[in-house]
Peer 1: 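Can you read through this structure? Questions will come right after.
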Amino acid sequence: MMADEQLLVILRDLLAKSRKNQVLWVRSAKEKDCFELYLAPEIQIAISFESPMAMSDFIGVAVHTEGRESIYMTREDGDDDYPFLLALYQEAHRRATRWDDTLEKINSAIHVEGVIGINPNDSYAH
């Protein structure tokens with residue numbers, strides 16, 4: 001089995017684990033629309049989404065070992081593996097940005113009786 005094929009099997013398992021909130025994805029400090037998973041100090045997986053104007057959208061996955069890229073693959077919109085890699089990217093985005101927790105808090109707040117919100121100029125808001 002080639003590296004890409006093995007990586008795809010691993011990424012499917014990673015998607016299942018991500019959906020259970022069992023993966024600590026973080027935003028990339030270097031790249032926009034990229035999320036990273038550190039499995040050990042020397043092993044990192046990065047997943048990114050690109051939407052070029054004149055090309056198909058694509059997902060890129062890079063595996064770094066000891067600071068060097070050891071595997072890199074891309075799948076374009078329309079490729080067989082693209083939907084599941086897009087789902088993995090979306091799970092990484094959800095987990096790293098915690099947008100789901102934020103929306104849950106907003107939803108809870110708007111269903112409380114009375115006035116909601118804080119004045120950002122009040123000392124307790126900082």
Side-chain angles (χ1 to χ4, degrees):
M1 192 181 290
M2 295 183 57
D4 276 13
E5 293 168 341
Q6 287 178 314
L7 181 58
L8 287 169
V9 170
I10 290 167
L11 293 175
R12 286 186 189 280
D13 292 339
L14 187 57
L15 174 58
K17 198 164 185 74
S18 293
R19 286 180 169 156
K20 296 177 187 174
N21 294 326
Q22 297 177 337
V23 179
L24 183 59
W25 289 102
V26 296
R27 285 181 192 239
S28 173
K30 302 174 204 161
E31 295 181 44
K32 182 180 182 239
D33 298 324
C34 181
F35 301 96
E36 300 169 333
L37 170 63
Y38 293 84
L39 295 171
E42 71 279 3
I43 300 173
Q44 170 199 2
I45 298 172
I47 187 164
S48 60
F49 174 80
E50 300 287 335
S51 186
M53 295 207 30
M55 297 171 45
S56 297
D57 293 351
F58 68 91
I59 302 289
V61 178
V63 177
H64 293 90
T65 306
E66 297 178 355
R68 295 179 182 250
E69 188 173 278
S70 53
I71 304 170
Y72 181 75
M73 63 180 226
T74 61
R75 294 296 187 269
E76 290 184 4
D77 190 3
D79 291 343
D80 290 342
D81 297 318
Y82 181 83
F84 114 77
L85 289 174
L86 179 59
L88 179 59
Y89 173 82
Q90 291 168 334
E91 283 297 314
H93 179 265
R94 177 187 66 82
R95 191 69 179 128
T97 63
R98 300 177 60 188
W99 63 258
D100 57 332
D101 294 337
T102 300
L103 290 178
E104 187 176 311
K105 289 175 185 175
I106 293 168
N107 189 48
S108 293
I110 64 173
H111 290 96
V112 171
E113 287 297 320
V115 176
I116 63 171
I118 62 171
N119 183 337
N121 296 319
D122 290 343
S123 62
Y124 62 83
H126 296 285

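What you see is a predicted model, and the numbers here were worked out from it, not measured in a lab. The basis for the numbers below is simple: all heavy atoms, side chains too, and nothing from hydrogens, waters or symmetry mates.
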Peer 1: Under a 4.5 Å side-chain heavy-atom rule over Ile, Leu, Val, Met, Phe, Trp and Tyr, are Leu86 and Phe58 clustered together?
Peer 2: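 Result: no, two separate clusters.
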Peer 1: Judged by atom type as modelled, is there a donor-acceptor pair below 3.5 Å linking the side chain of Asn119 to the main-chain atoms of Asn121?
Peer 2: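 Yes; judged by distance alone, with no hydrogens or angles, the pair exists.
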Peer 1: Determine, step by step, whether Arg19 and Leu15 satisfy the side-chain contact (heavy atoms from CB on, under 4.5 Å) criterion, reporting the C-alpha distance in whole Å, the side-chain angles of both residues, the deciding distance to 0.1 Å, and the verdict.
Peer 2: CA-CA 6 Å; Arg19 286 180 169 156; Leu15 174 58; 3.7 Å; yes
Peer 1: Donor-acceptor pairs are to be reported for all side-chain atoms of residues 59-73 against protein atoms at under 3.5 Å, with residues two or more places apart or in another chain.
Peer 2:
unit_1 : atom_1 : unit_2 : atom_2 : d
Thr65  : OG1    : Ser70  : OG     : 3.1
Ser70  : OG     : Val63  : O      : 3.1

Peer 1: When rounded to the nearest 0.5 angstrom, what distance separates CD1 in Ile10 from CG in Leu14?
Peer 2: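 Ile10 CD1 to Leu14 CG: 9.0 Å, rounded to 0.5 Å.
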Peer 1: Donor-acceptor pairs under 3.5 angstrom involving side-chain atoms of residues 100-111: please list them, not counting sequence neighbours.
Peer 2:
unit_1 : atom_1 : unit_2 : atom_2 : d
Asp100 : OD2    : Arg94  : NH1    : 2.8
Asp101 : OD2    : Arg98  : NE     : 3.2
Thr102 : OG1    : Arg98  : O      : 3.2
Asn107 : OD1    : His111 : ND1    : 3.3
Ser108 : OG     : Glu104 : O      : 3.1
His111 : ND1    : Asn107 : O      : 2.6

Peer 1: Rounded to the nearest 0.5 Å, what separation is found between the CD atom of Glu50 and the CE atom of Met55?
Peer 2: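 Interatomic distance, Glu50 CD to Met55 CE, rounded to 0.5 Å: 9.5 Å.
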Peer 1: Looking at every non-hydrogen atom in both residues, tell me the closest pair between Ala96 and Arg27 and how far apart they are.
Peer 2: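 Distance-wise, the nearest heavy atoms are CB-N, 3.9 Å.
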Peer 1: Give the minimum heavy-atom separation between Glu91 and Trp25, together with the two atoms involved.
Peer 2: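 Where Glu91 meets Trp25 most closely, the heavy atoms are O-CD1, 4.5 Å.
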Peer 1: To the nearest 0.5 Å, what is the distance between CZ (Arg75) and CG (Asp57)?
Peer 2: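 Separation between the atoms: 16.0 Å.
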Peer 1: Look up atom CG in Leu24 and atom CZ in Arg95, then write down how far apart they are to the nearest 0.5 Å.
Peer 2: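 These two atoms lie 6.5 Å from each other.
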Peer 1: Any heavy-atom pair between the side chains of His93 and Trp99 that's under 4.5 Å?
Peer 2: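 Yes, at least one pair of side-chain atoms sits under 4.5 Å.
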Peer 1: Tell me which donor-acceptor pairs under 3.5 Å the side chains of residues 29-47 have, and how far apart each pair is, sequence neighbours excluded?
Peer 2:
unit_1 : atom_1 : unit_2 : atom_2 : d
Glu36  : OE1    : Tyr38  : OH     : 2.9
Glu36  : OE2    : Ser28  : OG     : 3.3
Glu36  : OE2    : Gln44  : NE2    : 3.0

